[in-house]
Amino acid sequence: MPTILPIMQNAYLLIGSNLGNKIEQLEKAVQYIQQECGQIVKRSAFYETAPWGFTDQPAFMNQALWIQTVLEPEALMQSLLNIEARMGRIRTVKLGPRIIDLDILQIDQLIIDTPILQIPHPAMTERRFALAPLAEIAPDLMHPKLQKTASELLLACTDIVTGKQIGRAHV
């Protein structure tokens with residue numbers, strides 16, 4: 001009987017932190033993601049960004065990751081939530097300060113809309129801090145609903161919260 005190989009999917013994540021040593025928190029999250037979620041194909045530079053939504057908090061450090069995973073979308077989301085909990089994230093204030101934040105922006109061309117998971121991320125196109133690092137690592141990634149690339153979405157984004165790129169992308 002032939003072996004059925006799991007289907008590899010490309011997932012695009014946004015990771016962020018605005019408490020403690022932010023870069024150290026992101027690096028720790030990257031290690032956990034590599035161990036538990038899938039192979040990292042590419043990492044954007046770090047982006048330091050003013051807070052979005054709830055602005056009375058420290059600036060964020062964000063990074064986009066392109067990973068290849070065999071996890072189903074719900075299992076990937078659960079793994080990310082488990083990593084957040086292990087790293088000490090406590091959810092108190094919506095859009096408030098956090099030691100780590102792990103979001104799925106997109107998985108290939110999947111469209112998912114369930115109570116616990118929405119892919120592509122519904123607010124991705126409104127947030128420059130998500131689009132800038134995503135466009136850096138996957139400029140031609142097509143949004144499955146809008147049929148525009150990450151680069152086109154970044155150019156069209158009207159978000160005024162800008163960030164500063166720190167370093168360069170990692171392969």
**Q.** Value rounded to 0.5 Å, distance of CG in Asp101 from CD1 in Ile15
**A.** 10.0 Å

Q: Please report the closest heavy-atom contact between Ile100 and Ala29, naming both atoms and the distance.
A: CD1-CB, 3.7 Å

Q.
Side chains of Met77 and Ile116, heavy atoms from C-beta outward: is any pair under 4.5 Å?
A. no

Mind listing the side-chain donor-acceptor pairs of residues 102-113 below 3.5 Å, one per line with the distance, residues two or more places apart or on another chain?
from: Gln106; atom 1: NE2; to: Asp108; atom 2: O; distance (Å): 3.1
from: Gln106; atom 1: NE2; to: Met142; atom 2: O; distance (Å): 2.7
from: Asp108; atom 1: OD1; to: Asn10; atom 2: N; distance (Å): 3.4
from: Asp108; atom 1: OD1; to: Asn10; atom 2: ND2; distance (Å): 3.1
from: Asp108; atom 1: OD2; to: Asn10; atom 2: N; distance (Å): 3.1
from: Gln109; atom 1: NE2; to: Met142; atom 2: O; distance (Å): 2.7
from: Asp113; atom 1: OD1; to: Gln118; atom 2: NE2; distance (Å): 3.2

Q | Flag side-chain contact, heavy atom, 4.5 Å: Arg98 against Glu84 | A | no

Q: Drop me the distance from Phe60's CZ to Phe129's CZ, to the nearest 0.5 angstrom.
A: 7.5 Å

**Q.** Close side-chain approach of Val30 to Ile40, heavy-atom, < 4.5 Å
**A.** yes

Q) Taking side chain as C-beta onward, heavy atoms only, is Cys37 less than 4.5 Å from Ile83? A) yes

Q) For Glu74, which residues count as a salt bridge (charged side-chain N to carboxylate O under 4.0 Å, His left out) partner, sequence neighbours excluded? A) none

Q | Ionic contact status for Glu27 with Lys22, cut-off 4.0 Å | A | no

Q) Do Pro133 and Gln63 touch side chain to side chain, with heavy atoms closer than 4.5 Å? A) no

Q | Under 3.5 Å: donor-acceptor pair, side chain of Ser17, backbone of Ile99 | A | yes

(Q) Grouping I, L, V, M, F, W and Y whenever their side-chain heavy atoms are under 4.5 Å apart, do Leu81 and Leu76 come out in a common cluster? (A) yes

Q. Rounded to the nearest 0.5 Å, what separation is found between the CD atom of Glu152 and the OG1 atom of Thr125?
A. 13.5 Å

Q) Can you tell me if Ser151 uses its side chain to pair, donor with acceptor, with the backbone of Pro139 under 3.5 Å? A) yes

Q | Test side-chain contact (heavy atoms from CB on, under 4.5 Å) applied to Asn82 - qualifying residues, sequence neighbours left out | A | Gln78

Q.
With side chain to side chain contact (heavy atoms under 4.5 Å, CB included) as the criterion, how do Met8 and Thr69 come out once you've worked through the C-alpha distance, each side chain's angles and the decisive distance to 0.1 Å?
A. CA-CA 5 Å; Met8 189 72 67; Thr69 184; 5.5 Å; no

Q) Yes or no on side chain to side chain contact (heavy atoms under 4.5 Å, CB included) for Lys42 and Glu136, after CA distance, side-chain angles and deciding distance? A) CA-CA 10 Å; Lys42 204 167 189 182; Glu136 180 188 343; over 6 Å; no

Q) With a 3.5 Å cut-off and no angle check, do the side chains of Gln9 and Gln68 form a donor-acceptor pair? A) no

Q: Would you indicate whether the side-chain heavy atoms of Leu14 and Asn62 approach each other to under 4.5 Å?
A: yes

(Q) Has Arg43 got a side-chain atom pairing as donor or acceptor with Leu65's backbone, closer than 3.5 angstrom? (A) no

**Q.** Of all pairs that satisfy ring pair (Phe, Tyr, Trp, His ring centres under 6.0 Å), the ones with a partner from residues 64-86, not counting sequence neighbours
**A.** Tyr12-Trp66

(Q) Within the structure provided, determine whether Gln39 and Ile67 are in side-chain contact (heavy-atom separation under 4.5 Å). (A) no

Q) Quick one: side-chain contact (heavy atoms from CB on, under 4.5 Å) partners of Gln31, sequence neighbours excluded? A) none

Q) Roughly how far, to the nearest 0.5 Å, is CD of Glu126 from CG of Leu153? A) 11.5 Å

Q: Please examine the side chains of Ile119 and Pro73, heavy atoms only from C-beta on, and report whether any two atoms are closer than 4.5 Å.
A: yes

Q: Supply the atom-to-atom distance Tyr32 OH to Leu80 CG, rounded to the nearest 0.5 angstrom.
A: 13.5 Å

Q.
Donor-acceptor check, side chain of Ser44 to backbone of Ala64, threshold 3.5 angstrom: yes or no?
A. yes

Q: Tell me, please, which residues at least two apart from Ala85 pass side-chain contact (heavy atoms from CB on, under 4.5 Å).
A: none

Q | Separation of Cys157 SG from Arg128 CZ (nearest 0.5 Å) | A | 4.5 Å

